[in-house]
Structure formats: C-alpha cells, structure tokens
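Both counts, for ligands and for their atoms, begin at 1 and track the order of listing. Only this structure's heavy atoms are used, side chains among them; waters, hydrogens and symmetry mates stay out.
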Amino acid sequence: MVNDPTTQAQSRYRAVLAGTGSAVPKKILTNEDFTTFLDTSDEWITSRTGIKVRHIADDEDTTATLAAEASRKALADAGMDATEIELIITATITPEMVFPATACFVQDMIGAVNAWAFDISAACSGFVYALSIAQQFIISGRYKSALVIGAETLSRITDYTDRGSCILFGDGAGAAIVKAAESGSMGLMYSTSFSDGRGWTSLNCLAYGSRYPVGKPLADPKMVYMNIQGREIYHLAVRRIVELVEECLEKCHLDIEQIKMFIPHQMNARIIESVGKRLKFSDEQIFINIDKYGNTSAASIPIALDECRRLGKIQQGDIILLVSFGGGLTWGAHVIQL
Ligand SMILES: CC(C)(COP(=O)(O)OP(=O)(O)OC[C@H]1O[C@@H](n2cnc3c(N)ncnc32)[C@H](O)[C@@H]1OP(=O)(O)O)[C@@H](O)C(=O)NCCC(=O)NCCS
C-alpha cells in the first residue's frame, strides 16, 4: 500500500494500536476564573483560542501519577497486564524530576517490571516522536509491545501573570499500547518527523538547566516559566501542519475523504480550523477537544486519540491522521489504520 522506507510495508511485523487511556487532574480552571486575577475575558479567550476550561494539577498530582493512571487505562483497554510491556517511552517537558526518567517512575507505579523505560523531550510533538520510536522497535522485531505516553503538568511552568500565554495551557496524560501483529489492520502506516533547532527561541523554558543552573542568579525570575512567541508560532504551525498532511496523503496514496479523523495537536482551535479549511477536511473529520483541556503539549494528541475512540468517532479499520507542531521546533505526523 505504501512505498516508503519509513513504513512497515516491508516488515514482517506491523505496529498496531492495541489500547488507549487518558487522565486529567480533577481541579479545573475556567476562563471566568482568569478574569478574577488578569485583565482578560471569556469572550477574548474563547474567540482567540477555543479554550473554555483546563485541568490543573493539585499538590498530589504529578506528571508520573497522571501518566500512570492513563497507562493503567490503556492496559485495561488492551486487555494486558503491565508485566507484558517490554518498552515504555514517556514524552514530556515537565518531567517528574531532573532524573530519573518519568518513564521509570511510571514503570514502578504500574509494575511493568519487564520493560525498558526512558523519556524523550520534543515538547508538543513528544507523543508523535515517541510513537515513531516505538514503531521502529516493533517492526524490527525487537519488541512485541510498547507503552507510549505523553504526560505534562504544564501548570508548574506557567506564568500566571502573563495573560498572553497562561490561558493556553493545561495538565494531563494520554497513553497508547502499541503491539506487534502479523496480520489484520495496517496499524502505523506512515510516519514523518522534523525538527529545526534554529527556532528554539520561539518556544522555550530557559531555566533550570545547564545553561541557567540552579544557584546562579537569573537575569529575570520569569525565566523559569514557559515563554512563547504566540503570533510567530501561529503562522508557522498552520504552514507546517498543512505540509505534513499533504506529505502523508501523497506518500500513502490517500484522498482526504479516506481519512476518518484528523487528530491534530490541540494548540489553538483557530489554527486547527484554518488548517482544516485549507485542506478541505469536513467538520466531521476534524477532532477538537481543546475547549475542555487547553494545550497539554505532549499529552494533547494521546488524550484526543483516547477520547475520540471512547466517543465511538473512530472504529477498527478506520484511517486516522495524527499531526503535531511544537517547541524545538519539532513537527511530525502518523497515518494509522486502527
Ligand atoms: C497566543 C495566541 C492565542 C494569541 O492570539 P493573537 O490573536 O495572536 O493575539 P496577540 O498576541 O497578537 O494579541 C492581541 C491583543 O490581545 C491582547 N491579549 C493577549 N492575551 C490576552 C488575553 N488573555 N486577554 C485579553 N487580551 C489579551 C494582547 O495584549 C494584544 O493587545 P494589543 O493589540 O493591545 O497589543 C495565539 O497567537 C496562539 O495561539 N499562538 C500559538 C500558541 C502557541 O505558541 N502555543 C504553544 C506551542 S504549541
């Protein structure tokens, strides 16, 4: 079906999605809540972003606890025991600690004693990147099962005095089980990923790390928070996402009508709608849930994927398209037959 080296067409094994799960903190922050401490309005936030509510971690919620909860649900959905998982990849920019990896905490929390666990950092493209890595281990025959997680507590690095950015972000986690199969659906049909380090200044969190270590005074105390050049990112995201979709359709010899659901990173409803219009997706083909969660970075696509499945919007055999864009800069996509 697909003639490209990055597909699994040449491999004995296909990497198929066997289960999904998601978890968000109980506490919510509404647009109205922001008006109590910022010069903003529900009307501005809704019309500019599509966001109404985001979930915010309480003291007892951490990136790993949310990731573990999403993982347990994904395991239950796949009908698997944690001990069957051979690989855990957690994508996050808000890790549990500097080290060990959040994936190791998840491994411990869910009892995945036979897994090899590590993290990756690719901001909003984290889940898409992690899925590509898992796919490679599956189609090479090295592993039969992988747990791929996107998890964030962005509220911990959000500047709640910056009205231009704080209204965008929320916390949560999404997980997917990828298994090796020799027949049935095509599974992960095609994947493509890009990065451009020159764009690091557009989206970042400067401290604390090697360049700005703890213990050395910061030029600006706000360097510990996310910094976004929103307008710049907005236009670049639209362009890159359109290119990704066009590449996927061309490489997989698919028409837009054959995509059952387009599940993009939830960064701004206006960005998603503008992309949808340019590509001529129908409204029914586009999944948007940013109104309920805001932008949860690496967690955004797996939460949307899980919700889409649970709402019955996508079924076995359907072809879906996952597309991301974020800090790095990073961007990527997957064409998946369920
Ligand atoms: C952030 C974003 C919603 C801002 O929308 P925008 O239409 O570009 O708005 P601007 O930043 O140009 O601001 C327009 C005006 O609204 C004001 N404004 C910004 N935030 C506001 C808020 N929460 N409430 C009210 N007014 C606000 C600005 O101060 C500006 O006022 P001015 O014209 O008097 O200077 C939009 O650019 C975006 O979604 N960008 C991508 C997000 C992103 O980078 N996400 C992270 C990576 S995935």
Is the shortest side-chain heavy-atom distance between [X] and [Y] below 4.5 Å?
X: Ile233; Y: Ile228; result: no
X: Lys26; Y: Asp58; result: no
X: Ile259; Y: Leu249; result: yes
X: Tyr190; Y: His334; result: no
X: Cys248; Y: Leu321; result: yes
X: Leu17; Y: Gln337; result: no

**Item:** Leu38 contact mode with ligand 1 (heavy-atom cut-off under 4.0 Å)
**Value:** neither
**Request:** For ligand 1, indicate whether the residue Ile233 contacts it via side chain, backbone, both or neither (heavy-atom separation under 4.0 Å).
**Result:** side chain
Identity and distance of the protein heavy atom lying nearest [atom]:
atom: atom 10 (P) of ligand 1; value: Arg231 NH2, 4.1 Å
atom: atom 17 (C) of ligand 1; value: Arg163 NH2, 3.7 Å
atom: atom 2 (C) of ligand 1; value: Asn268 ND2, 4.5 Å
atom: atom 7 (O) of ligand 1; value: Arg48 NH1, 2.7 Å
atom: atom 42 (C) of ligand 1; value: Leu168 CD1, 4.0 Å
atom: atom 3 (C) of ligand 1; value: Thr49 CG2, 3.6 Å

Take [atom] and look for protein heavy atoms under 4.0 Å from it; say yes if you find one, no if not.
atom: atom 23 (N) of ligand 1; value: yes
atom: atom 35 (O) of ligand 1; value: no
atom: atom 32 (P) of ligand 1; value: no
atom: atom 44 (O) of ligand 1; value: yes

Taking only heavy atoms of [X], which atoms of ligand 1 are found under 4.0 Å from at least one of them?
X: His265; answer: 48 (S)
X: Gly230; answer: 37 (O), 40 (N), 41 (C)
X: Gly164; answer: 1 (C), 20 (N)
X: Met267; answer: 47 (C), 48 (S)
X: Leu203; answer: 44 (O), 46 (C), 47 (C)
X: Arg270; answer: 7 (O)
X: Cys124; answer: 48 (S)

**Message:** Could you see if Ile88 belongs to whatever hydrophobic cluster contains Val113? Use Ile, Leu, Val, Met, Phe, Trp, Tyr and a side-chain cutoff under 4.5 Å.
**Reply:** no
**Message:** Testing the 3.5 Å rule here: is there a donor-acceptor pair between the side chains of Asp61 and Thr65?
**Reply:**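 Checked: Asp61/Thr65 side chains show no N/O donor-acceptor pair below 3.5 Å.
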**Prompt:** When you check the side-chain N and O atoms of Thr94 and Glu152, is any donor under 3.5 Å from an acceptor?
**Reply:**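 Side-chain D/A pair, Thr94 to Glu152: present.
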**Message:** Taking a cutoff of less than 4.0 Å between a non-hydrogen atom of the residue and any ligand atom, is Met226 in contact with ligand 1?
**Reply:**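 No heavy atom of Met226 comes that close to ligand 1.
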**Prompt:** Do Lys222 and Asp162 pass the salt bridge (Lys or Arg N to Asp or Glu O under 4.0 Å) test, and can you show the C-alpha distance, the side-chain angles, and the key distance before you say yes or no?
**Reply:** CA-CA 10 Å; Lys222 294 198 171 191; Asp162 174 16; over 6 Å; no
**Item:** Partners meeting ring-ring contact (aromatic ring centres under 6.0 Å, His included) with Phe37 (sequence neighbours left out)
**Value:**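 So Phe37 forms a ring-ring contact (aromatic ring centres under 6.0 Å, His included) with Phe34.
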**Prompt:** Could you walk me through whether Glu243 and Arg240 pass the salt bridge (Lys or Arg N to Asp or Glu O under 4.0 Å) check?
**Reply:** CA-CA 5 Å; Glu243 285 169 5; Arg240 293 289 180 233; 3.0 Å; yes
**Message:** If I apply the N/O under 3.5 Å rule, does Ile45 come out as touching ligand 1?
**Reply:**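 No - when backbone and side-chain N and O of Ile45 are compared with those of ligand 1, no distance drops under 3.5 Å.
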**Item:** Among Phe34, Trp44, Phe325, closest by any non-hydrogen atom to atom 20 (N) of ligand 1
**Value:**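 Ranked by closest heavy atom to atom 20 (N) of ligand 1, first place is Trp44.
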**Complete:** Quick note, ring pair (Phe, Tyr, Trp, His ring centres under 6.0 Å) partners involving residues 80-133, not counting sequence neighbours, are Trp116-Phe118, Trp116-Phe137
